[in-house]
2 protein chains.
Amino acid sequence: MRQQPYHHGDLRRALLTEAVTVIGESGPHAVSLRDLARRTGVSHAAPQHHFGDKAGLLTAIAAEGFELLARSLESAGDDLLDAGVAYVRFATSHKAHFEVMFTPALYHADSPEVAAPRERAGEALAARAPKRREARLAAWSIVHGFATLWLSGALTDIGDDPAAAARPVIRLLLR
Amino acid sequence: MRQQPYHHGDLRRALLTEAVTVIGESGPHAVSLRDLARRTGVSHAAPQHHFGDKAGLLTAIAAEGFELLARSLESAGDDLLDAGVAYVRFATSHKAHFEVMFTPALYHADSPEVAAPRERAGEALAARAPKRREARLAAWSIVHGFATLWLSGALTDIGDDPAAAARPVIRLLLR
DNA sequence: ATGCTATCTTGTCAGTGCCAAGTTTGGGGT
DNA sequence: ACCCCAAACTTGGCACTGACAAGATAGCAT
């Protein structure tokens with residue numbers, strides 16, 4: 001006779017989705033386990049069962065993010081320019097994941113749960129990048145910098161399609 | 001007859017210094033006004049008098065950061081490569097300031113207190129950067145990306161002097 | 001059907017940000 | 001020299017949070 005069944009069905013997935021929404025709107029610091037529980041209609045301690053602690057929730061988001069990034073890069077083809085644009089597109093269209101992924105103080109960055117997909121994304125990137133270390137660093141830096149600058153609101157005069165705006169910028173390095 | 005005088009002398013400065021230390025060690029999310037008060041030997045509400053709220057404290061740190069960045073760039077000379085290296089050197093030697101500066105969700109990013117020094121830093125950067133918009137974006141992106149990747153621990157195979165390691169990387173863009 | 005276990009709840013505690021009201025102190029105006 | 005007033009700080013309190021412990025429920029394998 002209760003409105004919500006005792007077992008949610010897929011609470012873990014629901015919490016992750018809700019968390020990504022909140023982070024995307026207000027940043028990682030704005031997320032609260034109790035608030036997520038309220039939004040999902042469960043008790044205040046339910047999230048702890050699935051993630052252990054708050055860092056565990058963010059670890060799951062980071063892992064999912066590296067997985068998604070790896071897939072994005074893999075499906076971008078072998079061209080370095082296209083891969084770079086795909087990197088920017090991923091970052092700006094998965095704001096929440098990206099912010100968490102590169103803020104290791106927020107989660108269990110050394111957990112195997114996140115190390116595996118991170119390595120997979122790293123390999124996808126390395127396979128399309130130049131062989132010389134400096135050139136590889138330059139390529140990663142320019143796309144990562146463009147993405148983070150856009151995410152932090154420093155690039156307002158660029159239009160509403162950051163991935164498209166990134167293409168001619170990246171080309172300057174690859175010429 | 002009390003151990004600590006009622007008036008601290010320069011509590012504002014002391015709180016800022018302590019905050020920068022904590023953020024540098026554990027990130028911005030780890031700082032707590034009450035903890036800073038304890039470390040400084042004042043009551044738990046003293047920080048609010050100087051900064052209004054927690055975001056106000058971080059606003060002061062961001063403002064100080066943009067001021068320091070502007071000075072670093074100005075004293076780096078007119079060469080773009082040197083300015084780029086100076087940018088990376090600032091970011092990696094002022095970890096706490098830099099992290100806060102580019103996480104606007106943490107502070108009052110539209111406050112005039114921080115807008116003025118941010119503009120000054122922007123001008124110092126623009127004065128040394130290429131005139132074409134894409135080239136300017138490329139230069140900012142590559143140094144910002146290198147710096148943030150290093151700060152997030154993604155660049156471990158680079159040695160202990162990130163500014164020096166950045167030079168040949170930046171040169172690839174400017175050739 | 002029965003018991004086992006993952007899932008979820010209830011209750012509690014220390015810590016935090018913020019607000020309101022009170023206390024102390026240094027310094028400027030007379 | 002005095003007063004007094006505004007700035008600096010304290011005390012007390014409230015709502016919220018993360019984490020822990022112990023109990024309740026329900027799906028599932030046997």
Side-chain angles (χ1 to χ4, degrees), chain A residues 1-19 21-23 25-62 100 103-109 111 113, chain B residues 1-19 21-23 25-62 100 103-109 111 113:
Chain A
M1 278 308 166
R2 72 173 59 74
Q3 295 180 330
Q4 305 291 343
Y6 197 96
H7 282 76
H8 178 281
D10 200 358
L11 179 57
R12 186 187 153 92
R13 184 69 256 159
L15 289 169
L16 285 174
T17 303
E18 206 65 42
T21 302
V22 173
I23 296 172
E25 286 169 357
S26 316
H29 74 283
V31 73
S32 126
L33 292 181
R34 289 174 109 103
D35 182 49
L36 291 180
R38 265 186 307 258
R39 290 164 180 260
T40 319
V42 295
S43 80
H44 68 262
Q48 254 124 42
H49 176 72
H50 291 277
F51 302 107
D53 55 7
K54 190 176 180 175
L57 170 79
L58 296 173
T59 304
I61 292 179
V100 174
T103 314
L106 291 177
Y107 63 98
H108 302 132
S111 151
E113 175 189 355
Chain B
M1 280 304 167
R2 73 172 61 71
Q3 294 181 329
Q4 304 292 344
Y6 197 95
H7 282 76
H8 178 281
D10 200 358
L11 179 57
R12 186 187 153 92
R13 184 70 256 159
L15 289 169
L16 285 174
T17 303
E18 205 65 43
T21 302
V22 174
I23 296 172
E25 287 169 356
S26 317
H29 73 283
V31 73
S32 125
L33 293 181
R34 288 174 109 105
D35 182 49
L36 292 179
R38 264 186 308 260
R39 290 165 180 260
T40 318
V42 294
S43 79
H44 68 263
Q48 255 123 42
H49 176 71
H50 290 278
F51 302 106
D53 56 7
K54 190 175 179 177
L57 170 79
L58 296 174
T59 304
I61 292 180
V100 174
T103 314
L106 291 178
Y107 62 98
H108 301 133
S111 152
E113 175 190 355

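All values below come from the heavy atoms of this structure, side chains included, with hydrogens, waters and symmetry mates left out. Predicted model, so just to flag it, every value in this text is computed and none were measured. Each chain gets a letter, A, B and so on, in the order the sequences are listed, and its residues count up from 1.
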Atom [atom1] of [X] to atom [atom2] of [N]: distance rounded to whole Å?
X         : N       : atom1 : atom2 : result
Leu57(A)  : dT17(D) : CG    : C1'   : 14 Å
His49(B)  : dC18(C) : NE2   : C1'   : 16 Å
His50(B)  : dC9(D)  : NE2   : P     : 4 Å
Leu106(A) : dG18(D) : CG    : P     : 13 Å
Phe51(B)  : dA8(D)  : CZ    : C1'   : 13 Å
Asp35(B)  : dG18(D) : CG    : P     : 18 Å
Asp53(B)  : dA20(C) : CG    : P     : 14 Å
Arg38(A)  : dC16(D) : CZ    : C1'   : 8 Å

Under a 4.5 Å cut-off applied to non-hydrogen side-chain atoms, are Ile61(A) and Ile23(A) in contact? yes

Is there a side-chain contact between Arg39(B) and Val22(B), using heavy atoms and a 4.5 Å cut-off? yes

What distance do His49(A) atom NE2 and Ser43(A) atom OG have between them, rounded to the nearest 0.5 Å? 11.0 Å

CZ of Arg12(B) to NE2 of His50(B): how many Å apart, nearest 0.5 Å? 8.5 Å

Among [options], which is the nearest nucleotide to the side chain of [X]?
X        : options                   : answer
Arg34(A) : dT16(C), dC20(D), dG18(D) : dG18(D)
Leu11(A) : dC9(D), dC8(C), dT16(C)   : dC8(C)
Ala45(A) : dC18(C), dC9(D), dT10(C)  : dT10(C)

When only distance counts, do a donor and an acceptor, one from the side chain of His44(B) and one from the base of dG15(C), lie under 3.5 Å apart? no

Can a side chain N or O of Ser32(B) be found less than 4.0 Å away from OP1 or OP2 on dG15(C)? no

